[in-house]
Amino acid sequence: MGTLVAGANAALTAENPGLTSVMVGLGWDVIPSRGPASELVPLTLLCGSDGRVLSDAHLVFFNQIASPEASVQFLGEEDDEQIDVDLSRVPAQVSKIVFAVYADPEMRGPGNFAAVRSAHIRVARPNGSELVRFDLPAANRDTITAMMFGELYRHREDWKFRALGQGYTTGLRGLAADFGFDL
């Protein structure tokens with residue numbers, strides 16, 4: 001399927017009959033500095049048709065590495081972060097799965113994406129062969145403190161991927177407000 005641009009989408013299951021699980025890889029480089037660096041934290045949100053997280057249990061991150069039914073799990077380390085998604089086990093009420101990253105405000109560092117380069121999200125088959133990739137465009141990210149990289153979403157009976165690259169200046173609090181979860 002190839003490389004996407006922001007806003008583009010790709011059919012996953014319709015073009016790959018029998019595809020029941022995928023690996024979503026998130027990656028980035030941080031320019032080294034003499035001072036503290038931003039600590040980037042991935043977050044996966046399982047959302048209903050209203051665009052809000054089903055419950056706080058449907059946030060998958062470092063402190064809760066799997067969704068309640070284990071359809072979404074942080075597992076491998078082929079990329080900076082790897083999330084395995086068993087599409088066949090995703091609850092029917094989940095209409096999309098959003099993959100975001102935020103700069104940890106608790107760490108000593110700039111707390112933004114200014115030093116982040118070569119950020120990407122990719123979707124691959126379980127064997128690692130890449131289906132689609134989105135390289136986030138280089139931009140002035142001095143005020144960006146969280147970013148949605150991409151999302152898997154249901155389209156009728158199939159799953160698609162959408163490249164997002166949408167930044168937040170309000171960090172994790174902005175994501176919580178938009179997606180309806182507690183901090």
Side-chain angles (χ1 to χ4, degrees), residues 1-32 37-47 51 60-62 67 71-88 90 94-103 112-169 171 174-175 178-179:
M1 288 185 211
T3 302
L4 300 179
V5 297
N9 61 42
L12 296 176
T13 56
E15 293 187 16
N16 297 280
L19 183 70
T20 59
S21 62
V22 294
M23 183 278 295
V24 177
L26 303 171
W28 54 80
D29 294 322
V30 177
I31 297 172
S38 293
E39 179 71 26
L40 299 182
V41 181
L43 175 67
T44 302
L45 308 110
L46 284 78
C47 303
V60 181
F61 63 107
F62 67 89
S67 60
S71 65
V72 176
Q73 302 181 60
F74 278 78
L75 288 177
E77 296 182 7
E78 291 178 33
D79 297 83
D80 287 307
E81 294 293 341
Q82 180 179 320
I83 302 106
D84 289 345
V85 181
D86 184 339
L87 300 169
S88 65
V90 174
V94 173
S95 63
K96 69 179 177 179
I97 303 168
V98 178
F99 301 92
V101 176
Y102 67 92
N112 61 41
F113 280 69
V116 176
R117 301 292 184 272
S118 305
H120 72 271
I121 182 171
R122 65 188 194 97
V123 180
R125 291 178 183 86
N127 68 8
S129 62
E130 196 168 281
L131 293 165
V132 66
R133 178 184 184 96
F134 171 51
D135 294 312
L136 280 75
N140 182 353
R141 298 184 181 142
D142 292 350
T143 60
I144 302 298
T145 54
M147 186 171 297
M148 293 189 305
F149 279 42
E151 66 184 12
L152 295 173
Y153 67 98
R154 292 185 197 264
H155 180 72
R156 298 186 186 104
E157 299 300 314
D158 293 309
W159 283 96
K160 289 184 157 191
F161 172 78
R162 180 176 294 121
L164 296 174
Q166 179 182 339
Y168 281 73
T169 59
L175 288 169
D178 283 359
F179 291 99

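This chain uses plain numbering: 1 for the first residue, then up along the sequence.
In terms of heavy-atom proximity, Phe134 sits nearest to Val5 at CE1-C, 3.7 Å. Phe149 and Gly27 get closest at one heavy-atom pair: CE2-O, 4.2 Å. Ala146 and Leu175 get closest at one heavy-atom pair: CB-CD1, 3.9 Å. Contact detail for Ala14 and Ala11: the closest heavy-atom pair is CB-CB, 4.2 Å. Shown here for Gly165 and Leu136, the closest heavy-atom pair between the two residues is CA-CD2, 4.0 Å. Of all the heavy atoms in Glu81 and Pro42, the pair that sits closest is CG-CG, 3.3 Å.
Asp80 contributes a side-chain N or O that, together with a main-chain N or O of Trp28, makes up a donor-acceptor pair within less than 3.5 Å. Judged purely by atom type and a 3.5 angstrom limit, Arg162 has no side-chain atom pairing as donor or acceptor with the backbone of Tyr153. A donor-acceptor contact shorter than 3.5 Å is absent between the side chain of Thr20 and the backbone of Ser88. Panel note: side chain Asp84, backbone Gln73; no donor-acceptor pair is recorded below 3.5 Å. At distances below 3.5 Å, not a single donor-acceptor pair connects side-chain atoms of Thr145 with backbone N or O atoms of Ala103. Of the possible polar contacts, none joining the Arg141 side chain to the Asn112 backbone as a donor-acceptor pair under 3.5 Å is found.
A distance of 8.5 Å separates NE2 in His155 from CG in Asn9, rounded to the nearest 0.5 Å. Leu164 contributes atom CG, which lies 10.5 Å from atom CG of Leu4 (distance to the nearest 0.5 angstrom). A distance of 12.0 Å separates CE in Met147 from CD1 in Ile121, rounded to the nearest 0.5 Å. We find the CG-CG distance between Leu19 and Leu87 to be 6.0 Å, quoted to the nearest 0.5 Å. A distance of 11.5 Å separates NZ of Lys96 from CH2 of Trp159, quoted to the nearest 0.5 Å.
Contact annotation: the side chain of Val22 never approaches that of Phe161 to less than 4.5 Å [non-hydrogen atoms, C-beta and beyond]. Looking at Arg154 and Val90, their side chains come closer than 4.5 Å, going by heavy atoms from C-beta outward. Residues Glu151 and Val98 meet the side-chain proximity criterion, which asks for heavy atoms closer than 4.5 Å. Side chains of Leu43 and Phe179 form no contact here, defined as non-hydrogen atoms less than 4.5 Å apart. Put simply, the side chain of Thr44 does not reach to within 4.5 Å of the side chain of Val24, judged on heavy atoms. Within the 4.5 Å cutoff, no side-chain heavy atoms of Ser67 are placed close to those of Ile97. Within the 4.5 Å cutoff, the side chain of Phe99 has heavy atoms near those of the Leu152 side chain. In this structure, Met23 and Arg122 have side chains that are in contact, with non-hydrogen atoms separated by less than 4.5 Å.
Of the charged side-chain nitrogens involved, at least one lies within less than 4.0 Å of a carboxylate oxygen, so that Arg133 and Asp135 count as a salt-bridged pair.
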